[in-house]
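Quick note on labels: first sequence line is chain A, next is B, and so on, each numbered from 1.
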Amino acid sequence: MTTRVTDAPLDLAPLLAETEDDACGALVIFSGTVRNTNEGRPVSGMTYDAHVALAERVLAEIEAEALARFAVRHCRIVHRIGALALGDVSIYIVVRAAHRAEAFDAARYAIDQVKARAPIWKEEHYTDGASRYLDGTPLRAPSPEADAR
Amino acid sequence: MTTRVTDAPLDLAPLLAETEDDACGALVIFSGTVRNTNEGRPVSGMTYDAHVALAERVLAEIEAEALARFAVRHCRIVHRIGALALGDVSIYIVVRAAHRAEAFDAARYAIDQVKARAPIWKEEHYTDGASRYLDGTPLRAPSPEADAR
Amino acid sequence: MHIRVTFYGRLKQDTGTRQAALELPGDRATVRDAVEAALKAYPTLAAHLDTLACSVGAALADPGTPIRDGDEIGFLPPVSGG
Amino acid sequence: MHIRVTFYGRLKQDTGTRQAALELPGDRATVRDAVEAALKAYPTLAAHLDTLACSVGAALADPGTPIRDGDEIGFLPPVSGG
């Protein structure tokens, strides 16, 4: 089974290799990295928590939605959890399409959806030793109407 | 001097290394690759010609414009020329910013500008042995008014 | 009925607990019943009820979703991944 | 005045030439004069004049841009990089 959520450092090369496709002229990659400040406070690192089984499902769903909504041929998402240092990569999104506009749109869709829907939580650590969980987006269960569609 | 136009295969790793920056939380990479069809014709490869000295200047200008117009901290562009096979990478654009929206916008700006302004030409080779130069965008010299601003 | 509840993100911090076993009366229950039982055991959850979501196993669940003996109920605060 | 002209992209194909030496009369000239001289030597350029751009050295140039002995004038058809 493809792993999308892992506590190991993320590696871009295998994502590029598994999506290689001569029918694609455009590749867009998004990556999130741990930033050294947030709202003016100096940050020393970040701990990511996740509901791994549900997050795996949600990331796979977002990949499938990107393929269904945009003219793209590949969308792969991997997210790291656990303790990350400054500069560490927390997420890679790799999109390949025939043309660039669709690749950009799909990558943007994917990261926006990950932030809104993936059951993943950031705890920010500060250089003064304090830490806090970041505010986020409340999850909603899919409505029965949506299921029936 | 930084090289932005080369006939050697492009390598992403040094671009990522030279733009590493803890102040950035978002990385967007665009890459163009040689596609196996165009307008329904099977393609076997692509030859890129360039006015190298002018192209180096134009790519550096586009990098600087991306930094000036968007809240991004790094923009690097490299373009390959010469004979490329299917799937080969013709261009990498690497953008790093504090936040993702600006990184996406700047990467998109950069590739749009490269296509409109860089003195680079594609000759497409087809599997039947034919080839043709692709239609493109006429260049315009910067107007004296623009220079005076 | 025995269930397990798992607290994620700041709920783990606020309850001081990653996972706990709870007992629900009777043999029919819903996610709503699990939340009420967890609230009794972990009163600090009260501050999070407005933005709480729940999972049953590997799926998001509504308050009315039925649960069975042995289910694992996830308590999910607002998400902030990426 | 001696100049060099360089043909890029499809202009290289249409003229059959990458680079050529041209002689311009007198010691004052502009890009326009270089284009006229190139057109005499390579009549197939006529089809491309509407969309032609020129460079002098490593800079884009207007038709009125002055050129000097030894300059290299680039003949640039519409671009298609990326």
Side-chain angles (χ1 to χ4, degrees), chain B residues 4-5 30-35 38 46-62 77-81 84 89-93 108 110-124 131-147, chain D residues 3-22 29-36 38-39 42-68 70-82:
Chain B
R4 295 182 176 83
V5 179
F30 175 81
S31 171
T33 53
V34 178
R35 199 154 47 95
N38 192 22
M46 195 88 84
T47 304
Y48 283 84
D49 188 19
H51 184 318
V52 174
L54 179 56
E56 290 272 0
R57 273 180 59 161
V58 170
L59 297 186
E61 284 169 13
I62 294 170
I77 308 173
V78 294
H79 202 302
R80 187 173 171 195
I81 58 174
L84 275 69
V89 172
S90 58
I91 186 169
Y92 278 124
I93 296 175
R108 216 156 166 163
I111 180 59
D112 289 348
Q113 293 297 313
V114 167
K115 286 182 176 266
R117 289 165 50 192
I120 299 175
W121 297 272
K122 270 200 253 280
E123 184 184 8
E124 209 161 61
S131 75
R132 84 182 163 104
Y133 282 92
L134 297 187
D135 293 334
T137 309
L139 290 177
R140 292 279 162 251
S143 68
E145 294 78 22
D147 285 349
Chain D
I3 61 167
R4 285 175 301 148
V5 293
T6 308
F7 299 112
Y8 290 95
R10 75 174 63 193
L11 302 185
K12 177 185 166 198
Q13 187 176 55
D14 284 11
T15 61
T17 307
R18 178 56 151 190
Q19 199 169 64
L22 289 182
T30 63
V31 166
R32 189 178 292 109
D33 301 319
V35 172
E36 280 171 20
L39 191 53
Y42 301 97
T44 55
L45 286 176
H48 302 289
L49 290 183
D50 282 355
T51 57
L52 181 69
C54 284
S55 58
V56 176
L60 281 180
D62 283 316
T65 301
I67 58 179
R68 292 172 303 188
D71 272 348
E72 179 183 343
I73 316 301
F75 283 66
L76 317 175
V79 299
S80 57

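- When side chains are defined from C-beta on, D:L60 does not count as touching B:H51, because their heavy atoms never get closer than 4.5 Å.
- Neither the backbone nor the side chain of B:R132 comes within contact range of chain D, judged by heavy atoms closer than 4.5 Å.
- In this structure, the separation between OH on D:Y8 and CG on B:L139 is 12.0 Å, given to the nearest 0.5 Å.
- Remark: B:D135 engages D:R10 in a salt bridge, criterion side-chain N to carboxylate O under 4.0 Å.
- Partners of D:D71 according to the side chain to side chain contact (heavy atoms under 4.5 Å, CB included) rule, which considers only residues two or more places apart in sequence or in another chain, are D:V56, D:I67, D:R68, D:I73.
- Of the two parts of B:T137, the backbone and the side chain both hold a non-hydrogen atom closer than 4.5 Å to a non-hydrogen atom of chain D.
- Neither the backbone nor the side chain of B:A55 comes within less than 4.5 Å of any heavy atom of chain D.
- Per-residue counts of heavy-atom pairs under 4.5 Å with chain B were compared for D:S80, D:G57, D:G81; the largest is that of D:S80.
- Annotation for B:P138 and D:P78: closest pair N-CB, 3.6 Å, computed over non-hydrogen atoms.
- When all heavy atoms of D:D50 and B:R140 are compared, the pair lying nearest together is O-NH2, 4.1 Å.
- With sequence neighbours excluded, the residues that form a ring-ring contact (aromatic ring centres under 6.0 Å, His included) with D:F75 are D:F7.
- Considering only heavy-atom pairs separated by less than 4.5 Å from chain B, the leading option among D:S55, D:A58, D:A53 is D:A58.
- Side-chain atoms of B:W121 and D:P77, non-hydrogen and from C-beta on, do get closer than 4.5 Å to each other.
- Proximity to chain D involves both the backbone and the side chain of B:L54, based on heavy atoms less than 4.5 angstrom apart.
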